[in-house]
**Student:** 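Quick one: structure below, then a few questions.
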Amino acid sequence: MRDPLSVLTEAFTSFLFGKVETTRLPVRTSTGQAQAVYLPTAAPGLGDSGVIIGREVYSGKGYIYDPFQLYGQQLPAPHWLVLGESGNGKSALEKTYVLRQLRFKDRQVVVLDAQGEDGVGEWNLIAQELGITPIRLDPMAALDHGIRLNPLDPAITTTGQLALLRTIIEVAMGHGLDERSGFALKVAHAYVNETIVERQPVLTDIVEQLRHPEPESAEAMNVAIDDVRAWGLDVALVLDRLVDGDLRGMFDGPTTVGIDLDAPLIVFDLSHIDRNSIAMPILMAIVGVWLEHTWIRPDRKKRIFLVEEAWHIINSPFVAQLFQRLLKFGRRLGLSFVAVVHHLSDVVDGAAAREAAAILKMASTRTIYAQKADEARSTGRVLGLPRWAVEIIPTLTPGIAVWDVNGNVQVVKHLITETERPLVFTDRAMTESSADFNDDALRAAELEAEERAAAFMEQHLGDASESTVA
């Protein structure tokens, strides 16, 4: 039996407020209004060890990235692909990233600088600020005792030399060597290495041996000497272009003495080479293999190999195969390969689609700047980006990019300091008048750069040994 007081209290409450037991009515609202009931959240970052890139757009948190710190924990490979149309901030990102990495004592960077303005590569300002002279590869300058890289440099193993010679020829011919041409090249290379010991063998020696093969070469295979000469004729004609054609001077002599492979930054200035000619992939193949055998060493240094206009590598099956080996080999010795490409469709639909896919698979970090909607969809499909990321890529403004670090996808705004801004500014031709290029102004700029160099070197390369760059 219920307590009379409880019954009276319930009756009085019902009289004032209506029935006590009520059914909660559903609330009809929009997702935009309902999101206010959830606490704000942000995706987890990549840790606090490395170099600062900028800020994550949605949370405002600092975004820190370093492939060497993340390798083995969040990254299966330290290689990085940067995509996006011109004018959206790729170049500024690369340059500030390199400058910030160089504050660590155990970092070293090589840049293949394929773009330029004012007659020099676009990395010239940074090299000048660090007191470094770029290695300028120029066919015209090479004729006047300019820079040479020898594909037959003794620092490269004989196996590496032969692989490089094959690649040069296959890139120039546009197809692979057949067995007979390959045999002619092999015996010519072996004979040159065996007989020339008092100096560096050079390409001229290979061409001469292909034109006039030794009888022993024919006897070893029980064929006529004229057959061996015929097999090597096309190979000789291709190599002759490097010796006496439009590329002569850069590769047809001993490697230039004095190239400092211990400098913190090494810049190969390729801006005088026609980017649309066959010379560019040949040049990248030679530089890549030469660096593999002379620069990458088991000395505990962390090395970054940054390639502008990297589609010249990824879009050539023969050059891509060389770089695949370099990436696999370099990963064990602390190498991070950074490839900068405008459009992914330039490579995935090209002749080297299989090789391109292999290199893209090695790049565990992908940074995508603004692209047109159809290009963004294609990029998202190839890279496996989430739908929301694909949808915002066409809307990104300069300096903001989608970062995919082994599946951790965030939108990041790149921040540039006032010290870095004059060094990464590469559109002077569009913003300066002709009056700005008089001799006095240029000389003043040179003097100012020289005065700033010492302070910059001390600030950026002095005592940095911590694992985080603020």
Side-chain angles (χ1 to χ4, degrees), residues 44-56 61-83 90 92-112 123 126 130 132 261-267 288 291-292 294-308 310 323-340 359-367 401 403-410 412 414-415 420 459-470:
L46 301 174
D48 58 1
S49 185
V51 298
I52 292 179
I53 300 297
R55 292 191 181 279
E56 202 277 323
K61 297 188 305 181
Y63 191 81
I64 298 173
Y65 170 79
D66 189 294
F68 304 110
Q69 297 291 331
L70 297 173
Y71 178 67
Q73 304 174 27
Q74 300 183 54
L75 278 182
H79 309 307
W80 181 15
L81 175 68
V82 183
L83 292 167
K90 296 193 308 298
L93 172 66
E94 301 151 24
K95 291 173 181 175
T96 57
Y97 174 74
V98 166
L99 287 171
R100 296 168 191 179
Q101 283 282 4
L102 287 178
R103 295 187 67 182
F104 298 135
K105 288 183 177 180
D106 65 341
R107 301 293 197 264
Q108 195 180 29
V109 182
V110 162
V111 176
L112 298 193
W123 283 77
I126 289 177
L130 296 177
I132 292 166
L261 293 177
D262 294 317
L265 175 65
I266 305 168
V267 177
L291 287 173
E292 177 186 351
T294 60
W295 177 57
I296 302 176
R297 313 166 202 163
D299 55 6
R300 301 297 182 184
K301 277 195 175 183
K302 305 297 188 293
R303 291 180 165 86
I304 299 169
F305 187 12
L306 190 151
V307 182
E308 301 267 13
F323 271 77
Q324 278 180 253
R325 187 185 72 248
L326 173 63
L327 268 58
K328 291 178 180 177
F329 172 75
R331 185 168 59 181
R332 299 195 301 271
L333 296 177
L335 175 70
S336 173
F337 176 65
V338 184
V340 184
I359 290 181
L360 293 177
K361 188 176 181 180
M362 293 182 188
S364 299
T365 301
R366 295 88 169 262
T367 300
W403 281 68
D404 176 8
V405 182
N406 195 35
N408 185 328
V409 183
Q410 300 191 46
V412 180
H414 173 222
L415 298 180
E420 295 166 333
Q459 176 186 359
H460 287 265
L461 300 178
D463 303 322
S465 60
E466 300 297 327
S467 61
T468 301
V469 174

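What you are looking at is a predicted structure, and each value in this text was computed from that prediction instead of being measured.
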**Student:** Q410 versus V405: any side-chain heavy-atom pair under 4.5 Å?
**Tutor:**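 Of all side-chain heavy-atom pairs linking V405 with Q410, none is under 4.5 Å.
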**Student:** Do the side chains of K90 and V82 get nearer than 4.5 Å, heavy atoms only?
**Tutor:** yes
**Student:** Between atom CD of E308 and atom CG of L112, what is the distance when rounded to the nearest 0.5 Å?
**Tutor:** 9.0 Å
**Student:** Can you name the closest pair of heavy atoms from P67 and Q101 and give their distance?
**Tutor:**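 Scanning both residues completely, I find the closest heavy atoms to be CD-NE2, 4.2 Å.
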**Student:** Below 4.5 Å, heavy atoms only, C-beta onward: do R100 and E420 meet side chain to side chain?
**Tutor:** yes
**Student:** What distance do L333 atom CG and I296 atom CD1 have between them, rounded to the nearest 0.5 Å?
**Tutor:**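 Reported value, rounded in 0.5 Å steps: 7.0 Å.
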**Student:** Any non-hydrogen side-chain atom of L75 less than 4.5 Å from a side-chain atom of T365?
**Tutor:** yes
**Student:** Taking the side chain as every heavy atom from C-beta outward, state whether F68 and I304 have any pair of such atoms under 4.5 Å apart.
**Tutor:** yes
**Student:** What heavy-atom pair brings R107 and D66 nearest, and what distance separates the two atoms?
**Tutor:** NH2-OD2, 3.1 Å
**Student:** When rounded to the nearest 0.5 angstrom, what distance separates NE2 in H79 from CZ in F323?
**Tutor:** 12.0 Å
**Student:** I132 and P264: which non-hydrogen atoms are nearest, and at how many Å?
**Tutor:** CD1-CG, 4.4 Å
**Student:** Ignoring hydrogens and geometry beyond distance, is a side-chain donor-acceptor pair present between S336 and W80 at under 3.5 Å?
**Tutor:**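 Distance-only check fails for S336 and W80.
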**Student:** Roughly how far, to the nearest 0.5 Å, is CH2 of W403 from CD1 of I53?
**Tutor:** 4.0 Å
**Student:** Does the side chain of I126 come within less than 4.5 Å of V98's, by heavy atoms?
**Tutor:** no
**Student:** Looking at R366, is its backbone amide N or carbonyl O close enough to the side chain of D404 to form a donor-acceptor pair, meaning the two atoms are under 3.5 Å apart?
**Tutor:** no
**Student:** Does this structure show an ion pair linking D262 with K301, if we count only N-O contacts that are shorter than 4.0 Å?
**Tutor:**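 Judged by the 4.0 Å cut-off on N to carboxylate O distance, D262 and K301 do not form a salt bridge.
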**Student:** Kindly assign one of parallel, tilted or perpendicular to the pair Y97 and Y65, based on the angle between their ring planes and the thresholds 30° and 60°.
**Tutor:** tilted
